[in-house]
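What follows is a set of notes on a single structure, which appears directly below.
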Amino acid sequence: MDAVTSMVADRPVVIFSRTTCCMSHTIKTLIGGFGANPTVYELDEIANGQQVERALQQMGCNPSVPAVFIGQQLVGGANQVMSLQLRNQLVPLLKRAGAIWI
C-alpha cells in the first residue's frame, strides 16, 4: 500500500487503469471532460503493475481497475464515480481537490 500512497501523493486526481479496460476508459473520459487532467497509471504498462494491483485489492478495490483517488482519498471504482456523478457530487469533489477551477 505504500506504493499506492506515494503514487497518489500531491496529485488532485489519480486513476489506476488498464489499457484494455473499457470502464477505465469511460471514467478517464468522464473526469477529463470536466477539464481535470488526472494522473493515469496503466497497470499493464508499468513495471510494478501487479504489485500495485494487489495493493489496490487490499484497499478494497474489486475489481482493481478503475481505481479513482480524488484529493488523495480513494473514491472507488466505476460504480462509485458514476454514483457521485448522478448525485451531482463529482464536480464539487474535483473542485475541492483542486483538479478543476470552474
Side-chain angles (χ1 to χ4, degrees):
M1 286 193 267
D2 290 340
V4 172
T5 302
S6 66
M7 293 169 90
V8 301
D10 301 323
R11 293 177 178 87
V13 181
V14 175
I15 302 172
F16 291 94
S17 173
R18 285 189 167 278
T19 57
T20 57
C21 176
C22 64
M23 289 311 295
S24 293
H25 175 75
T26 301
I27 297 303
K28 290 184 284 190
T29 302
L30 174 67
I31 291 175
F34 292 117
N37 187 20
T39 300
V40 177
Y41 294 104
E42 300 290 354
L43 298 183
D44 53 340
E45 292 183 343
I46 61 175
N48 63 340
Q50 289 180 335
Q51 173 191 354
V52 171
E53 190 164 6
R54 282 191 298 276
L56 290 168
Q57 289 170 336
Q58 289 174 353
M59 296 173 84
C61 297
N62 191 18
S64 58
V65 294
V68 179
F69 288 77
I70 299 176
Q72 293 81 42
Q73 298 296 314
L74 175 62
V75 171
N79 288 343
Q80 291 82 4
V81 173
M82 294 306 287
S83 292
L84 287 171
Q85 170 62 6
L86 291 173
R87 293 190 316 257
N88 294 317
Q89 295 175 340
L90 182 57
V91 169
L93 195 58
L94 291 169
K95 284 180 181 176
R96 279 195 302 276
I100 58 176
W101 295 272
I102 31 177

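Positions are given from 1, in the same order as the sequence printed here. What you see below is based on every heavy atom in this structure, not just the backbone, and it leaves out hydrogens, waters and symmetry mates. Nothing here was measured: the structure is a model prediction, and the numbers come from that model.
Annotation for Gln50: atom CD does not count as buried by contact number, only 12 or fewer foreign heavy atoms lying within 6.0 Å. Within a 6.0 Å sphere centred on CG of Asn37, other residues, nucleotides and ligands contribute 12 heavy atoms or fewer.
The distance from the CD atom of Glu42 to the OG1 atom of Thr20 is 9.0 Å, given to the nearest 0.5 Å. Note that CG of Leu94 and CH2 of Trp101 are 11.0 Å apart. Values are rounded to the nearest 0.5 Å. With values rounded to the nearest 0.5 angstrom, Leu93 atom CG is found 11.5 Å from Phe34 atom CZ.
Residues Ile70 and Met59 do not share a hydrophobic cluster, clusters being chains of Ile/Leu/Val/Met/Phe/Trp/Tyr side chains in contact below 4.5 Å. In this structure, Ile31 is a member of the same hydrophobic cluster as Val91, with clusters built from ILVMFWY side-chain heavy atoms closer than 4.5 Å. Linking Ile, Leu, Val, Met, Phe, Trp and Tyr whenever their side-chain heavy atoms come within less than 4.5 Å leaves Val13 and Val8 in two separate clusters. Cluster membership for Val65 and Tyr41, using ILVMFWY side-chain heavy atoms within less than 4.5 angstrom, is shared. If you chain together hydrophobic residues whose side chains sit under 4.5 Å apart, Val68 and Met23 never meet in one group.
Here the side chains of Phe69 and Leu56 are in contact, with some heavy-atom distance below 4.5 Å. At a threshold of 4.5 Å between non-hydrogen side-chain atoms, the residues Ile15 and Ser24 do not count as touching. The shortest side-chain heavy-atom distance between Met82 and Leu90 does not fall under the 4.5 Å cut-off. Two residues are said to be in side-chain contact when any heavy atoms from C-beta on lie closer than 4.5 Å; Val14 and Met7 fail this criterion.
When every heavy atom of Ser17 is checked against every heavy atom of Val40, the shortest pair comes out as CB-CG1, 4.2 Å. Scanning all heavy atoms of the two residues, the minimum distance from Asn48 to Ala3 falls at ND2-CB, 4.5 Å. A pairwise comparison of heavy atoms in Arg18 and Asp44 identifies NH1-CB, 3.2 Å as the closest pair. For Pro12 against Ala97, the heavy-atom pair with the smallest separation is CB-O, 3.4 Å.
Within the 3.5 Å criterion, the main-chain N or O of Arg11 finds a donor-acceptor partner in the side chain of Gln72. With hydrogens and angles ignored, the 3.5 Å screen pairs no side-chain donor or acceptor of Arg54 with any backbone N or O of Val52.
A donor atom on one side chain and an acceptor atom on the other are found under 3.5 Å apart for Glu53 and Ser64.
For residues 74-94, the side-chain hydrogen bond (donor to acceptor under 3.5 Å, both in side chains) pairs, not counting sequence neighbours, are Arg87-Gln89.
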